[in-house]
Amino acid sequence: MTTSGTKLVKAEDLKLAFHGVLKSLSVDQTVAHHVVEGLVQTSLRGVDSHGIRLFPHYAKVVKAGRVNGHPKYQFHKGGNSVGRLDADHTYGHAAGAEAMKYVLEMARQTGCGAVAVFNSSHFGSAAYCGLMAAEKDMIGISLTHADALMLSTHGIRAFFGTNPICVTAPVEGEEPFCLDMATTTITWNKVKMHRERNQPLAPGLAADAKGESTTDADQAESVIPIGDYKGFGLGMVVDILCGLLSGMPFGREITSMYLTPLNQKRYLGQFYMALDISKFQDVKVFKSRLKKYMDEIRREPAKDPAKPVLVPGDPEKKTFIQRSREGIPLARTEYDAILETCRLHNVKFP
């Protein structure tokens with residue numbers, strides 16, 4: 001245990017245990033790979049709300065029948081650069097990886113590829129699939145909608161989900177640029193983390209049942225959109241691309257990740273896009289210029305020298321290096337939940 005009461009666990013130990021659990025649940029090996037890699041990568045990057053803490057839930061939903069561990073994907077090509085993927089209700093991580101195969105292939109051929117995914121489920125962090133494009137020297141976009149959790153501007157309840165937006169791009173000499181953000185000031189999984197740890201929320205992040213701001217995580221019924229009506233509008237854009245374009249439910253029709261019975265499908269939609277940089281200009285030139293651009297931003301004068309100006313993704317890059325070396329911190333409750341999941345499936349966990 002660390003001095004803060006958390007336990008550090010090595011990424012490889014987590015991967016081994018998670019694969020063991022999913023194998024015991026007869027999850028397809030490729031599907032399991034993307035679930036495990038997605039969760040562990042997310043925690044290594046410091047996005048704890050969408051990382052390994054979700055694994056016990058993911059084990060429950062495949063056992064209960066919400067998630068299909070052996071999907072039969074069906075891709076419907078709508079044109080040279082677009083298509084739709086029926087994910088057959090598998091894990092969102094695996095569905096996204098499957099979609100990105102078609103996205104990248106079409107982008108190589110035409111310069112652009114876009115796929116709307118339907119019959120999917122929760123996909124964790126949007127960055128997992130978004131980074132797949134950057135790793136192939138492309139600009140990537142990764143979006144998902146979610147159940148109603150964003151307080152409507154001028155309203156008293158939620159209509160849109162936290163509806164994240166992720167944009168990635170390759171950079172010379174360092175890991176890709178990656179903006180991965182919810183269109184709300186905080187994610188619902190972070191609210192749940194505060195509940196589990198009996199921690200208050202900062203002001204202006206969440207609202208109660210009357211639509212009034214609250215710092216009590218137990219009283220939170222919705223989360224506040226970023227930039228008021230601007231975040232609300234972005235949430236709608238994501239829902240148009242992920243819900244309407246894919247043919248999936250939208251707004252308040254989307255079922256809850258946690259409150260819906262675990263044997264019921266969620267019918268989520270996602271949207272992925274890639275732009276092949278080489279079809280626009282020399283990739284080396286682009287990556288070099290982006291590196292120069294990012295370094296110029298980092299050199300901008302800061303009000304507090306201890307808090308320099310950062311580029312989106314900088315904190316995650318730093319955390320990834322540190323946690324890859326030292327381990328991923330888990331709160332006692334999170335560690336115990338993973339330990340219990342492994343015990344139930346006769347899998348050893350350190």
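Start at 1 with the first residue, then count along the sequence. What you are looking at is a predicted structure, and each value in this text was computed from that prediction instead of being measured. Side chains are part of it too, since the values below use all heavy atoms of this structure and drop only hydrogens, waters and symmetry mates.
- Taking Ile, Leu, Val, Met, Phe, Trp and Tyr as members and joining any whose side-chain heavy atoms lie under 4.5 Å apart, directly or through other members, the hydrophobic cluster of Tyr267 also contains Phe118, Met248.
- Closest of all the heavy-atom pairs between Leu131 and Pro176 is CD2-CB, 4.0 Å.
- When the ring-ring contact (aromatic ring centres under 6.0 Å, His included) test is applied to Tyr335, the partners found at least two apart in sequence or on another chain are Phe349.
- Every residue two or more places apart in sequence or in another chain that forms a salt bridge (charged side-chain N to carboxylate O under 4.0 Å, His left out) with Arg197 is listed here: Glu334.
- Taken together through direct or relayed side-chain contacts under 4.5 Å among Ile, Leu, Val, Met, Phe, Trp and Tyr, Val35 and Tyr258 form part of one hydrophobic cluster.
- Judged as a salt bridge (charged side-chain N to carboxylate O under 4.0 Å, His left out), and not counting sequence neighbours, the contacts of Lys101 are Glu98.
- A distance of 9.0 Å separates CG of Leu39 from OH of Tyr91, quoted to the nearest 0.5 Å.
- Panel note: side chain Ser288, backbone Lys284; no donor-acceptor pair is recorded below 3.5 Å.
- Arg298 CZ: more than 12 foreign heavy atoms inside a 6.0 Å radius.
- A 4.5 Å side-chain heavy-atom check between Thr260 and Arg266 finds every atom pair outside the cut-off.
- Tracing side-chain contacts under 4.5 Å through hydrophobic residues (I, L, V, M, F, W, Y), one never reaches Phe250 starting from Val117; they form parts of separate clusters.
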Acceptor/donor pairs from residues 213-238 side chains to any protein atom, 3.5 angstrom cut, sequence neighbours excluded:
residue	atom	partner	partner atom	Å
Thr214	OG1	Asp216	N	3.1
Asp216	OD1	Asp218	N	2.9

Atom pairs and distances, donor-acceptor, side-chain atoms in residues 83-90, under 3.5 Å, two or more places apart:
residue	atom	partner	partner atom	Å
Arg84	NH2	Ser246	O	2.8
Asp86	OD1	Asp88	N	2.9
Asp86	OD1	Asn119	ND2	3.1
Asp88	OD2	Asn68	ND2	3.0
Asp88	OD2	Lys72	N	2.9
Thr90	OG1	Asn68	O	2.8

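- Remark: Phe55 pairs with Phe18 by the ring-ring contact (aromatic ring centres under 6.0 Å, His included) rule, at least two apart or across chains.
- Hydrophobic clustering, with ILVMFWY side chains joined whenever heavy atoms are under 4.5 angstrom apart, groups Val36 together with Val62.
- Hydrophobic clustering, defined by side-chain heavy atoms of Ile, Leu, Val, Met, Phe, Trp and Tyr closer than 4.5 Å, leaves Leu344 isolated from every other such residue.
- Counting heavy atoms from C-beta on, the side chains of Thr184 and Leu149 never come closer than 4.5 Å.
- Rounded to the nearest 0.5 angstrom, His145 NE2 and Asn163 CG are separated by 7.5 Å.
- In this structure the side chain of Val115 reaches within 4.5 angstrom of the side chain of Met106, judged on heavy atoms.
- Taking each heavy atom of Pro312 and Leu179 in turn, the nearest pair found is CB-CD1, 4.0 Å.
- Panel note: side chain Asn189, backbone His50; no donor-acceptor pair is recorded below 3.5 Å.
- Between Ala134 and Thr168, the shortest heavy-atom distance links the atoms CB-OG1, 3.8 Å.
- To the nearest 0.5 Å, atoms NZ (Lys63) and OG (Ser26) are separated by 11.5 Å.
- Aromatic ring centres of Tyr58 and His93 lie closer together than 6.0 Å.
- The two residues Tyr272 and Gly96 make their nearest non-hydrogen contact at OH-CA, 3.3 Å.
- In the displayed structure, Lys136 atom NZ is contacted under 6.0 Å by at most 12 heavy atoms of other residues, nucleotides or ligands.
- Looking at Pro315 and Leu310, their side chains come closer than 4.5 Å, going by heavy atoms from C-beta outward.
- Applying salt bridge (Lys or Arg N to Asp or Glu O under 4.0 Å) to Lys291 and the options Glu174, Glu296, Glu172 leaves one that passes, Glu174.
- Clustering ILVMFWY residues whenever any of their side-chain heavy atoms sit less than 4.5 angstrom apart, transitively, puts Val47 in a cluster other than the one holding Met132.
- Using a 4.0 Å cut-off between charged nitrogen and carboxylate oxygen, Lys318 and Asp314 do not count as a salt-bridge pair.
- For Lys287, the salt bridge (charged side-chain N to carboxylate O under 4.0 Å, His left out) partners at least two apart in sequence or on another chain are Asp137.
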Step-by-step side chain to side chain contact (heavy atoms under 4.5 Å, CB included) determination, Phe320 to Glu175: CA-CA 11 Å; Phe320 186 92; Glu175 292 301 305; over 6 Å; no
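- Applying the side-chain contact (heavy atoms from CB on, under 4.5 Å) criterion to Asp48, with sequence neighbours excluded, gives Ser43, Met193, Arg323.
- For the pair Ala11 and Val40, the tightest heavy-atom approach, listed with the atom from each and the gap, is CB-CG1, 3.7 Å.
- Side chains of Thr333 and Glu196: no donor on one and acceptor on the other come within 3.5 Å.
- In this structure, Lys292 does not pair ionically with Asp295, as no charged nitrogen and carboxylate oxygen lie closer than 4.0 Å.
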Side chain to side chain contact (heavy atoms under 4.5 Å, CB included) between Ile139 and Phe286, intermediate numbers included: CA-CA 11 Å; Ile139 293 173; Phe286 175 89; 4.1 Å; yes
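- The backbone N or O of Glu316 sits nowhere less than 3.5 Å from a side-chain atom of Arg45 that would complete a donor-acceptor pair.
- Looking at Arg108 and Glu105, no side-chain N of the basic residue comes within less than 4.0 Å of a carboxylate O on the acidic one, giving no salt bridge.
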Derivation and outcome, side chain to side chain donor-acceptor pair (under 3.5 Å), residues Tyr128 and Asp180: CA-CA 10 Å; Tyr128 177 64; Asp180 183 5; over 6 Å; no
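- Within a 6.0 Å sphere centred on CD of Gln29, other residues, nucleotides and ligands contribute 12 heavy atoms or fewer.
- Annotation for Ser152 and Phe159: closest pair OG-CB, 3.5 Å, computed over non-hydrogen atoms.
- Considering CD1 of Ile338 and CG of Leu54, their distance stands at 9.5 Å, rounded to 0.5 Å.
- Residue pairs meeting the salt bridge (Lys or Arg N to Asp or Glu O under 4.0 Å) criterion with at least one member in residues 341-350, sequence neighbours excluded: Glu340-Arg343.
- Taking His345 as the reference, nothing meets the ring-ring contact (aromatic ring centres under 6.0 Å, His included) condition, with sequence neighbours excluded.
- Hydrophobic clustering of Ile, Leu, Val, Met, Phe, Trp and Tyr side chains at less than 4.5 Å, counting indirect connections, unites Val171 with Ile141.
- No donor-acceptor pair closer than 3.5 Å links the side chain of Arg66 to the backbone N or O of Asn263.
- A distance of 8.0 Å separates CG of Leu290 from CD1 of Ile277, quoted to the nearest 0.5 Å.
- Shown here is Phe75, whose CZ atom has more than 12 heavy atoms of other residues, nucleotides or ligands within 6.0 Å.
- Listed for the Ser142 side chain is no donor-acceptor partner under 3.5 Å among the backbone atoms of Cys166.
- To the nearest 0.5 angstrom, Asp147 atom CG is 10.5 Å from Arg252 atom CZ.
- Under the 3.5 Å distance criterion, the side-chain polar atoms of Lys15 are left unmatched by any main-chain donor or acceptor of Lys10.
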